[in-house]
2 protein chains.
Amino acid sequence: MAANGRTQSRRRAQLSRDSILEAALTLTAEGEQVTFRALGGALGADPTAVYRHFRDKDELVRAAYDRIMEKARAEVDESSSWREQIRQLAILSWENSEQHPHIAVDAPILTTGGPGELGCIDLMLGCLRAAGLGDRDVVRFYGVIGSYILSISANISAQKLAAADQGTDINTAWLYDVSGIDATRYPNVAASRYELGELSNDDVYLTGIDVLLDAVEAAAQAEAPTVARARQR
Amino acid sequence: MAANGRTQSRRRAQLSRDSILEAALTLTAEGEQVTFRALGGALGADPTAVYRHFRDKDELVRAAYDRIMEKARAEVDESSSWREQIRQLAILSWENSEQHPHIAVDAPILTTGGPGELGCIDLMLGCLRAAGLGDRDVVRFYGVIGSYILSISANISAQKLAAADQGTDINTAWLYDVSGIDATRYPNVAASRYELGELSNDDVYLTGIDVLLDAVEAAAQAEAPTVARARQR
DNA sequence: CCGCTAAGTCAACGGTGTTGACATATTTGT
DNA sequence: ACAAATATGTCAACACCGTTGACTTAGCGG
């Protein structure tokens, strides 16, 4: 009867998988934890109402993370070189971990099985194939690079969360107390203490990616030394 | 008066940092979670008594993990080549993550700052220096390899825990349902589905280590092409 | 219009880390 | 050697978490 043709009379809060996921991502973007109670508060509904749309928290965070991956995949510039695409994916994964730390934390544990994950896998496999790798090496390197990206970017965001809980600064994580080190017991640490103090998570992460991508190129050249460059795209 | 000269009359359960850590490692070795209540049960003491020896759970798990690293470092055969030593360290870290999953899970988050961690860092720095890397590259590669070992071995044990909670088999984690994949939407996944199905966590992890070690050798040769082999030990 | 099902609400359970008040053992100061 | 002080173990309770079951209600199909 009323103008609203769809659903009206919302004495009850109206949820959906979509609205719940959106609320969850908003929560994490604000650095807050994803909890059923917080979710309920943000949605103006009873916390347990979420259970009508997701079997348990695991399924919820899976779906949320798949959505993140989907977005990341879409942001990759597919016209750039294979190497640049993987690099972009790595950086996007890093940024997503920073933006949604409380979800990214257990990303490496889970296999979403959703379109976002499949899309990312497909993209990376395509890139590695374009690099000139053979069937076997394509998936080998995919495994290494994929787990590297997932694990490390997630763990660094976990570090930041832990550091935020306390007062600790994150950059002191790699080497806390550079000065008070027993030089006789740990001579190498003492000798490198200056460089160790300058290590930052970002640098390490990106360095690792580049090292792995270099290895991909080397492997591709070893496989087909002459045609290696022809496959470029 | 009694024969026991040190501490006698133990009407109370007598705890110490040592006995608590031992109990914690025993718990994780049996696949159980480290909780104050479980700890209290294993020690025959009130759970909260642990708080007299560790400020909070964070400090406890830090100390426990440092002990693990200490043991790992001691098991490395220091007479073997630098490459073999790093490889051993990686494998030991992996095995420790399997043996003590509930502690290793958040290993990459924490910096123990204890002798175990420092010892491992020192060992790796020494190895990389022996490989012929310069000051700067030594710590760069240390950062990459260290975070790789920590993050991935820990995350794989986390996967196993999560899989054990459900009935899921762990080997299906990399590619769950190889058959039901939309080949038009994800052509690369579909093309590589056979190889993807054969991916195992162990293989991926070890492959990654070897790739990184290869990169170390390449970097060392690039730095000092002629003397590269002389530094070997 | 009836009845069925999907969805929101409410109260409660068991498990977690953590705290504060209390009791007792052990060490220290003189 | 005895009293004071400190360290350590005990107990009850709190807040927070995911999760469940019983209920109520909204909305749709016959």
Side-chain angles (χ1 to χ4, degrees), chain A residues 1-2 4-21 23-24 27-28 31-64 101-103 105-106 109-110 161-162 164-166, chain B residues 1-2 4-21 23-24 27-28 31-64 101-103 105-106 109-110 161-162 164-166:
Chain A
M1 294 128 173
N4 189 342
R6 275 295 146 120
T7 53
Q8 58 188 73
S9 73
R10 91 265 332 243
R11 264 197 51 234
R12 309 196 162 203
Q14 40 208 14
L15 307 190
S16 68
R17 279 182 81 98
D18 239 59
S19 63
I20 293 174
L21 289 177
L27 278 177
T28 57
E32 294 180 44
Q33 212 177 153
V34 177
T35 155
F36 283 88
R37 278 138 174 115
L39 228 36
L43 291 162
D46 189 275
T48 63
V50 178
Y51 279 96
R52 303 294 168 190
H53 302 267
F54 297 93
R55 176 151 40 143
D56 51 15
K57 196 182 179 184
D58 192 72
E59 186 184 321
L60 194 161
V61 61
R62 261 193 171 77
H102 277 289
I103 281 186
V105 158
D106 35 26
I109 304 183
L110 45 84
L161 281 183
D165 272 3
Q166 306 172 290
Chain B
M1 293 127 178
N4 189 341
R6 273 296 146 115
T7 53
Q8 59 187 70
S9 76
R10 88 264 336 239
R11 263 196 52 233
R12 306 195 163 200
Q14 38 208 15
L15 307 189
S16 67
R17 281 181 80 97
D18 238 60
S19 63
I20 293 174
L21 288 178
L27 279 177
T28 56
E32 295 181 43
Q33 210 177 156
V34 177
T35 159
F36 283 88
R37 276 134 175 119
L39 227 36
L43 291 162
D46 190 274
T48 62
V50 178
Y51 278 96
R52 303 295 168 185
H53 302 267
F54 297 93
R55 181 152 34 144
D56 51 15
K57 195 181 180 184
D58 191 71
E59 188 185 320
L60 195 161
V61 61
R62 261 193 172 77
H102 277 290
I103 281 187
V105 158
D106 35 26
I109 304 183
L110 46 84
L161 281 183
D165 272 2
Q166 306 173 289

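No experiment lies behind these values; they were computed from the predicted model shown. In what follows, every chain begins at residue 1, and chains take the letters A, B, ... in the order their sequences are listed.
Residue-level contact check: A/V34 touches the backbone only, with heavy atoms under 4.0 Å from sugar-phosphate atoms and none from bases.
A straight line from CG of B/L43 to P of D/dT8 spans 15 Å, rounded to a whole angstrom. When rounded to the nearest whole Å, the span between CG of B/D56 and P of C/dT19 equals 8 Å. Rounded to whole Å, the distance from CG on B/L15 to P on D/dA7 is 16 Å. Note: CG (B/D46) to C1' (C/dG17) measures 14 Å, nearest angstrom. In this structure, the CZ atom of B/F36 is 18 Å from the P atom of D/dC17, given to the nearest Å. The distance between atom CG of B/L60 and atom P of C/dT18, rounded to the nearest whole Å, is 10 Å.
Here A/R55 contributes atom CZ and A/R62 contributes atom CZ; the two are 10.0 Å apart, rounded to the nearest 0.5 Å. To the nearest 0.5 Å, atoms CZ (A/R17) and NE2 (A/H53) are separated by 9.5 Å.
A donor-acceptor contact closer than 3.5 angstrom links the side chains of B/D46 and B/T48.
Taking only side-chain atoms of A/K57, from C-beta outward, the nucleotide of C/dC10, C/dG8, D/dG18 with the closest atom is D/dG18. Checked against D/dC17, D/dT10, D/dT19, the side chain of A/Q33 finds its nearest nucleotide in D/dC17. Among the nucleotides C/dG8, C/dT18, D/dG9, the one closest to the side chain of A/R52 is C/dG8.
Using a 4.0 Å cut-off, no side-chain N or O of A/H53 falls inside it from OP1 or OP2 of C/dA6. In this structure, A/Y51 does not reach the D/dT20 phosphate: none of its side-chain N or O atoms is under 4.0 Å from OP1 or OP2.
No donor-acceptor contact under 3.5 Å links the side chain of A/T35 to the base of D/dC16. With hydrogens and angles left out, the side chain of B/R37 and the base of C/dG17 share a donor-acceptor pair within 3.5 Å.
Put simply, the side chain of A/L15 reaches to within 4.5 Å of the side chain of A/L43, judged on heavy atoms.
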